[in-house]
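Following: one structure in C-alpha cells, then a few remarks.
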Amino acid sequence: MGVKIYNSLSRQLEEFSPQIEGQVSMYSCGPTVYDYIHIGNARTALVTDIIRRYLEYRGYAVKLVQNLTDIDDKIITRAQTLGVSSSQLADTNGQAYFEDTQRLGIQPADVHPKATEHIPEMIDLIKTLIAKNAAYVIEGSVYYRVNSFKEYGKLSRRKPEDLLAGARVEVDPRKEDPRDFDMWKAAKPGEPFWDSPWGPGRPGWHIECSSMAMKHLGETIDIHAGGEDLLFPHHENEIAQSELATGKPFARYWVHVAFLKIDGKRMGKSEQNFIFLREALDKYSAEIIRHFLISAHYRHPLDYSLESLQKSESALKRLNNCVDSLQKYYEATPEIEENNSTASVDTSHEDSELLEMIKTLQIQFTDAMDNDFNTAKAIGTIFSFVSHVNKSLRSSNEVSSYTLANAYKVLLETCQVLGIYTMDEQDKDTENTAASLDPLVELLLEIRQDAREQKDWDTSDKIRDRLKEIDIEIQDTREGTSWKFVS
RNA sequence: GGUGGCGUAGCCAAGUGGUAAGGCCGGAGUCUGCAAAACUCCUAUUCGUCGGUUCGAUUCCGACCGCCACCUCCA
C-alpha cells in the first residue's frame, strides 16, 4: 500500500505514483506579497510543507517550487497608498513572508520564483499561445481565447453556459468571449511596466504559475497544490494555458486546501476578518499553531478560535511531557541509532508489549498519512501511543531502557513529520538559562527540603510560592523535587 | 440561478455497510504535609430530520431543514 491522494481533477482518491519513480515534482501557489500573510494563508503553506515532509519520510525525493506573486493590481494599489514603489512593497512583504513561515517551522521550498524575474518566460509562453491562435491582442493587452481549449472547465466542472449565466463580473466589451482572461495587461500611466512585443505592460496572474512551474519542474508536474479558492479561475486557467501550449497534462494530482474560518465565515483579506500569522505566533508557539491547523483534515474547513488554540496547547503539553520523560532513556542509549530493528533485542513481557505498540504506531501513522495525508487521524495515533508509553513508564522497572529509547526515537520521528515537536531556538535559550540557574535553585530546594523535614511548612511554602512568582515551578515527586520554567 | 461541500458527545475532530479513533473540558482516583504538576480510570446504544434499499446504515439512495464556499481579487 502506498500514498493515496484525493485529486480534485478526478474528484477521487487516487493511488499516488510520480512520473519518475522515487521523485516528486510539486508546485504550490504562494502568496501575493502586498501584506503579511494571515493564518488562513498559513494553513495552505503548512499543508504543503507537511505533504512534502511526509513524502520525504516515505522515501521520495521531493522538489518543491512555490512562487511569489510580486506584481499585480493589489500590490500597485497598496504601494500607491503607502507612497512606496511596487517593488519595494513586494520586497518587504516577501521578506516578511519568509520570516513568518520559518517561524511556523515551514521549510523553504527548493525554488521560490518571483513573477517579475520570469517576464521573458511568460512572454515566450504568450507568444506560443498567440501562434497557436489561442490568444489575441487588444490595445496592448493579450487575452486567452477560452474557446480554443475544448477541455476548458474540466477542473472546476463548469460548463460554458453556466459561466456565462452566472457572470457577476463586469464584462470587458472588447473581449471576444466574457470568459477570456488576460495574460498580459497593458500598463496604464504611472503603473510599473515591462516591455513586450505588445507594448509596455505586466503579466496577468495565471500566466506566471504556468511559466514558472514549467520552467522549474517541467511541462508536467506531479502535484499542484493551492487553496480551494484558486480552483477557479486560477487553476483552470493555468491548465488552459499550459496544456494548450504543450499538448501535455499540466499537473497530475491537484490538491486543494479548504478554508480556515473565523466565526463560521471564511477568513479572507477582503473580508477584513483575518489574523496575521505573526500576531498568532507572538501569542502561541509554532507547534501549537501547527497542531491546531492540522487538527482537521486539510479538505475540511476549520474554524479559528482562541479556544481551539488553547485546546491545542493543552494537548501538546501532554505530548511534550511524554516525549520529555522518554528522552533520558534515549540519551542513555547511544547505540539505538545504529540498530534500526526494534525486534532484535531480548525482551521481557513488558518490553514486547511496548515494542508491539511502537510497531502499531508506525503502521497506523503511516496508514493515516497515506490516506490523503489525514493529519487528524495521524495525531490520534500519536496520542494513543502516548497513553501506552505513560502506562509503561508507570511500571518502568519492567521495561528496558533500550525499548523506551526506541519509543522515543519513533515517537519523535512521527512528530517531526508533522512538526508538532521541535526544539527551537527559544527552547535552547531557556535550557541555557536553566543550566546556569540550576545550582542556585538547587540550593533553595535544599533549604526547603530541610524546612519540610522539620515540618516548617511556612518556610517551605514560601519558597515554593516565591519561586512560582518568578515563573519557576517545583514538583515534589517520589524521587525528590525538580523544577522547571513555566510561562 | 449554476456548482461543490458540511451537519458525529459540553466543545474540537477522525471514521466505517456489521454496530462510534484521538484531543479539550468535566468527574473519580494515584502521588503529596497541603498544593501544584504528572499519570490512571470514567464520560455518545448514538452519528441534523423524515423516508427508502439491506439480514443489518451513522456509513448507500431520496426528500427536507440548517450552515459554508466557489461562480469577481483572495490560500
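Just so it is clear: chains get the letters A, B, ... in the order the sequence lines come, proteins before strands, and each one is counted from 1.
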| said: Each nucleotide in nucleotides 27-40 of chain B should get exactly one letter: B, S or -. Can you fill that in based on protein heavy atoms under 4.0 Å? | reply: ------BBBBSSBS

What N/O pairs connect the protein and nucleotides 4-8 of chain B at under 3.5 Å? Give each pair on its own line.
none

Apply side-chain contact (heavy atoms from CB on, under 4.5 Å) to [X] and list each qualifying residue two or more places apart in sequence or on a separate chain.
X: Asp367(A); result: Ile363(A)
X: Asp229(A); result: Phe259(A), Arg266(A)
X: Ser387(A); result: Arg318(A)
X: Ala376(A); result: Asn374(A)

| task | Mind listing the residues from residues 104-113 of chain A sitting with a heavy atom below 4.0 Å of RNA chain B? Number order is fine. | result | none

| query | Can you pull the ring pair (Phe, Tyr, Trp, His ring centres under 6.0 Å) pairs that have at least one residue in residues 356-377 of chain A, sequence neighbours excluded? | reply | Tyr57(A)-Phe365(A)

Got a sec, which residues hit salt bridge (charged side-chain N to carboxylate O under 4.0 Å, His left out) with [X], two or more places apart in sequence or on another chain?
X: Glu453(A); answer: none
X: Glu356(A); answer: none
X: Glu271(A); answer: none

| query | Residues two or more places apart in sequence or in another chain: which of them pass ring-ring contact (aromatic ring centres under 6.0 Å, His included) with Phe98(A)? | reply | His112(A)

| request: Could you tell me whether Ile37(A) contacts a base, only the sugar-phosphate backbone, or nothing, with contacts defined as non-hydrogen atoms closer than 4.0 Å? | output: nothing

| message | Tell me if the aromatic rings of His256(A) and His235(A) count as close, with their centers under 6.0 Å from one another. | response | yes

| request: Could you give the distance separating rC65(B) and rA37(B) at their C1' atoms, to the nearest angstrom? | output: 48 Å

| request: Could you check which of rA13(B), rC73(B), rG2(B) has an atom nearest any side-chain atom of Arg158(A)? | output: rG2(B)

